[in-house]
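What you see is a predicted model, and the numbers here were worked out from it, not measured in a lab. Note that the numbering runs from 1 along the sequence shown for the chain.
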Amino acid sequence: MLKETVEIKVDYEKAGVSSEGCAPVLDCYYNTLTEEIGRKKHKAIIICPGGGYDWCSEREAEPVAFRFLGAGICAFVLRYSCVKKKFPTDVLECAAAVKYVRDNAEKFDIDPDKIIVCGFSAGGHLAATMANFWNSELLTKPLGCNPEDIKVNGSILGYPVITSDPEYTHEGSILNIIGEEKSSELRELVSMEKRVSENTPPTFIWHCADDGCVRVENTLWYMCSLSKYHIPFESHIYEYGGHGLALCDETTATWEGHYQPVAAHWAEAAIDWVHRL
């Protein structure tokens with residue numbers, strides 16, 4: 001296994017957002033090329049950890065990357081800019097990461113048409129935003145690229161923040177990306193159940209029904225939107241487990257509530273789903 005960390009370059013000024021405090025990096029985990037095994041054109045997953053757009057959780061970063069890498073899927077962890085970074089700052093960084101991975105497909109031995117975004121909680125909102133905005137001029141113009149350069153081929157969303165409806169959302173996450181002026185138009189724009197279209201890629205999504213931090217309605221409404229547009233999806237709603245479970249086992253647990261054997265099934269199911277894409 002090889003690992004390297006690269007800086008993600010974004011011209012924030014072209015998007016009309018501040019670059020102050022922005023220093024996104026991408027941790028790249030990929031397999032050593034050997035003559036015996038040869039090239040495989042692996043699928044790739046770009047992981048966006050959660051943290052309320054306040055920080056990037058380590059529990060939802062490298063341990064998750066290792067789980068996918070162990071299944072033959074190249075993994076990348078995006079440590080995006082946090083704390084009051086107005087939309088579309090973070091999704092621009094995610095788009096630039098997708099472009100970097102695609103541009104270096106030969107180096108990483110990946111299939112450039114099998115790049116998946118994965119996110120947890122607020123990182124799930126970021127991954128869903130990338131999945132729905134990959135062909136938007138909000139991203140292509142500032143990055144100076146074509147939609148195909150940043151196209152997302154699938155998304156994996158774990159207990160994601162989806163809606164911006166104040167009654168059902170994680171309000172702190174939304175406020176961090178709409179800014180202090182709390183624009184109603186921007187709040188509407190970042191409500192991902194309303195952004196699904198025929199261009200949204202296949203999706204794997206999971207949540208716990210008793211999640212008291214990000215209500216399960218976020219996932220249920222997103223599923224309804226995917227169904228409306230006939231987007232293929234696989235979903236798993238677990239009876240209990242709460243929020244922030246990461247891998248749900250000793251790999252990422254910090255207290256007994258993080259041990260959820262039933263919900264831990266999500267990782268194996270997601271890996272199988274990726275292999276079927």
Do you see a donor-acceptor pair shorter than 3.5 Å between the side chains of [X] and [Y]?
| X | Y | value |
| --- | --- | --- |
| Arg195 | Ser225 | no |
| Asp109 | Asn31 | no |
| Asp165 | Thr163 | no |
| His243 | Ser121 | yes |
| Ser155 | Thr203 | yes |
| Ser191 | Glu193 | yes |
| His42 | Tyr30 | no |
| Thr169 | Glu171 | no |

- Query: Checking side-chain contact (heavy atoms from CB on, under 4.5 Å) against Tyr159, which of His170, His207, Arg215 comes through?
  - Reply: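 The single option meeting the side-chain contact (heavy atoms from CB on, under 4.5 Å) with Tyr159 is His207.
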
- Looking at Cys118, Cys82, Cys56, which hits side-chain contact (heavy atoms from CB on, under 4.5 Å) with Pro49?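 Result for side-chain contact (heavy atoms from CB on, under 4.5 Å) with Pro49: Cys56.
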
- Would you mind telling me which of Trp266, Trp206, Phe204 makes a ring-ring contact (aromatic ring centres under 6.0 Å, His included) with His236?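 Checked Trp266, Trp206, Phe204 against His236; only one passes ring-ring contact (aromatic ring centres under 6.0 Å, His included): Phe204.
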
- Task: List the steps, then state whether ring pair (Phe, Tyr, Trp, His ring centres under 6.0 Å) holds for Tyr100 with Phe76.
- Result: CA-CA 11 Å; Tyr100 176 82; Phe76 304 80; 7.7 Å; no

- Query: Where is the tightest heavy-atom contact between Lys43 and Lys114, given as atom of each residue plus distance?
  - Reply: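 Result for this residue pair: CG-CB, 3.5 Å.
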
[X] side, atom [atom1]; [Y] side, atom [atom2] - distance, nearest 0.5 Å:
| X | Y | atom1 | atom2 | answer |
| --- | --- | --- | --- | --- |
| Glu4 | Tyr29 | CD | OH | 11.5 Å |
| Asn199 | Asn135 | CG | CG | 4.5 Å |
| Glu217 | Cys224 | CD | SG | 11.0 Å |
| Met130 | Ile116 | CE | CD1 | 13.5 Å |

- Message: For Ile205 and Ser235: C-alpha separation, side-chain torsions, deciding distance, then whether side-chain contact (heavy atoms from CB on, under 4.5 Å) applies.
- Response: CA-CA 5 Å; Ile205 190 166; Ser235 64; 3.7 Å; yes

Distance-only, no hydrogens or angles: does the [X] side chain make a donor-acceptor pair with backbone N or O of [Y] under 3.5 Å?
| X | Y | result |
| --- | --- | --- |
| Lys85 | Glu20 | yes |
| Arg187 | Ile174 | no |
| His125 | Val190 | yes |
| Asp149 | Asn146 | yes |
| Arg102 | Lys151 | yes |
| Asp11 | Leu143 | no |

Do [X] and [Y] share a hydrophobic cluster, counting only Ile, Leu, Val, Met, Phe, Trp and Tyr and linking them when any side-chain heavy atoms are less than 4.5 Å apart?
| X | Y | value |
| --- | --- | --- |
| Val77 | Tyr53 | no |
| Ile47 | Ile115 | no |
| Leu2 | Val64 | no |
| Val214 | Val117 | yes |
| Val91 | Leu26 | yes |

- Query: Taking the six-membered ring for Trp, are the ring centroids of Phe133 and Phe87 within less than 6.0 Å of each other?
  - Reply: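 Yes, ring centres under 6.0 Å apart.
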
- Query: Aromatic rings His258 and Trp255: how do their planes relate, parallel, tilted or perpendicular, breaks at 30° and 60°?
  - Reply: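 Correct class here is perpendicular.
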
- Item | Sole residue of Glu62, Glu58, Glu93, Glu60 in salt bridge (charged side-chain N to carboxylate O under 4.0 Å, His left out) with Arg79 |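 One option only clears the test, and that one is Glu58.
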
- Task: Assess whether atom NZ of Lys141 is packed by more than 12 heavy atoms of other residues, nucleotides or ligands within 6.0 Å.
- Result: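 Counting neighbours around NZ of Lys141, 12 or fewer heavy atoms of other residues, nucleotides or ligands fall under 6.0 Å, so no.
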
- Stepwise salt bridge (charged side-chain N to carboxylate O under 4.0 Å, His left out) check, Lys9 with Glu7: CA-CA 6 Å; Lys9 304 292 187 181; Glu7 295 181 6; 2.9 Å; yes

